[in-house]
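Report on the following structure.
Naming: A, B, ... by sequence-line order, numbering from 1 per chain. All values derive from a computational prediction rather than experimental measurement.
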Amino acid sequence: MSADDTDLSDESLNAIVDGEYPMHEQAELMAVVQADASHSNRVCALRSLKVMVQNAYAEVPAPAGRGRRRRRAGLMGVAASLALGLAAVLGVGLSSDGGRQAERFVVLDADGRGQRPAVAADEEMRIVFHLLDGDMDAAGELLDEVETLLADYRQRNAALRIEVVAHSDGLALLRRRLSSHQERVASLARTFPNLTFVACSNTVRRLRVEKGLEVTLVPEARQTASGVTHVVKRQQQGWAYIKV
Amino acid sequence: MKKTMVIMGAAVMWAMMGIGGAVAYEKQKVVYHINYDDPKTQAGALRNIQNHINAVGKENLELRVVMHGKGLSLLLDPDMKGEATLAANGTPQMQATVAGLKDQGITFKVCANTLKGKKIADPENQLYDFNKVDIVPSGVAELAALQAQGFTYIKP
């Protein structure tokens, strides 16, 4: 593509924003874009869209529908687990420290309640709360605990990230019509940017299909395709897991 | 490369022989989480713990129970309930089970926030076999910290 070709398609502009051209072509194309106000505006819009998409999915995985990418990620996960398993086996066989290494990868029961260890104490503490209980008193106690923790870490200037994953009956905490803690959820989310509320989309869909309910979530709720998959992923990433 | 493969193969065979032989678990560090007050579920959790000890051997197991919120009802003596806003499931039977587990090295951690929140003003007299060293500032923070130290989390 040459610099005098001034009619750039959306596809080309996207490719420019994503930096997909070789460096010299990228420079030529940027010159074309800068010379033309409408191109500049479109590139600007595409860039901010890209940033918004990145921000939206920075912490919560993409919803269903991006099948190919999800499957690939799944395969990589399987490969990673196999590698970990092999590493654990090798650890037993080769190193004098083998017992301790094997213990780090122990999984205790078929329900998957056992897990790998969380982050080291000197790093950022990350905790995922898995809320399955629809009882508003239980949810209120959870919010109390979460607030105490967040305030404590803030006061000590220590790094902490918390996710509350609402799933199954637990989704009630994030439902407009059922939650008696909506203002509390909103004010906590406002006060603590390191706190995220995540709703399970499978539960939302199941309520629609099975009970004909059109669920409205509180505005603070982000969505993840599957609450279970999400908490499993977090544990694999080293988050501490607490079931409520 | 070839040498590495041979070592890897040997290690895998060694591990498989281990699996095929007598079952002997490596040392385990485990934390059990109790924050509910249904006495049947609580008794079930204590039974799980006993089975866990039986399977792994108490010498191979560092097992802690962290209780907070309604879970503290497990140790609350029905005769000493006082002002406590909590069920009192610490019947003689429950106490005996807890004593049996403590004899095998299991520790029961109590959340300080809960003592305050549930108005257990005199834990020494209200909670079964209570010791000050069993207090942790926050049950939730303790659960997270133990996981960070490599403890496996189990919620029965």
Worksheet entry | B:Leu143 CG to A:Glu145 CD distance, which is reported to the nearest 0.5 Å |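 Result: 9.0 Å between the selected atoms.
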Residue pairs involving residues 207-216 of chain A (criterion salt bridge (charged side-chain N to carboxylate O under 4.0 Å, His left out); sequence neighbours excluded):
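Matches after skipping sequence neighbours: A:Arg206-A:Glu210, A:Arg208-A:Glu214.
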Within 6.0 angstrom of [X] [atom1], more than 12 heavy atoms from elsewhere:
{"X": "B:Glu59", "atom1": "CD", "answer": "yes"}
{"X": "A:Arg177", "atom1": "CZ", "answer": "no"}
{"X": "B:Glu124", "atom1": "CD", "answer": "yes"}
{"X": "B:Gln50", "atom1": "CD", "answer": "yes"}

Exercise for review: Take A:Ile242 and B:Gln147 through the test side chain to side chain contact (heavy atoms under 4.5 Å, CB included) and record every step on the way to the result.
Suggested key: CA-CA 10 Å; A:Ile242 294 175; B:Gln147 289 179 63; 4.2 Å; yes
Margin query: Quick check: closest heavy atoms across B:Ala144 and A:Ala240, and the distance to 0.1 Å?
Written below: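 In this case the closest contact between B:Ala144 and A:Ala240 is CA-CB, 3.8 Å.
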Restricting to non-hydrogen atoms, name the atom on A:Met125 and the atom on B:Ala148 that form the minimum distance, rounded to 0.1 Å.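 Answer, listing the atom of A:Met125 first, then B:Ala148: CE-CB, 4.1 Å.
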Problem - Under 3.5 Å donor-acceptor, B:Tyr153 side chain and A:Lys243 backbone - result: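 Answer holds: yes.
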Close approach to chain B in residues 128-141 of chain A, criterion heavy atom under 4.5 Å: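 When heavy atoms of chain B are the reference, residues 128-141 of chain A contributes A:Phe129, A:Asp135, A:Glu141 within the under-4.5 Å range.
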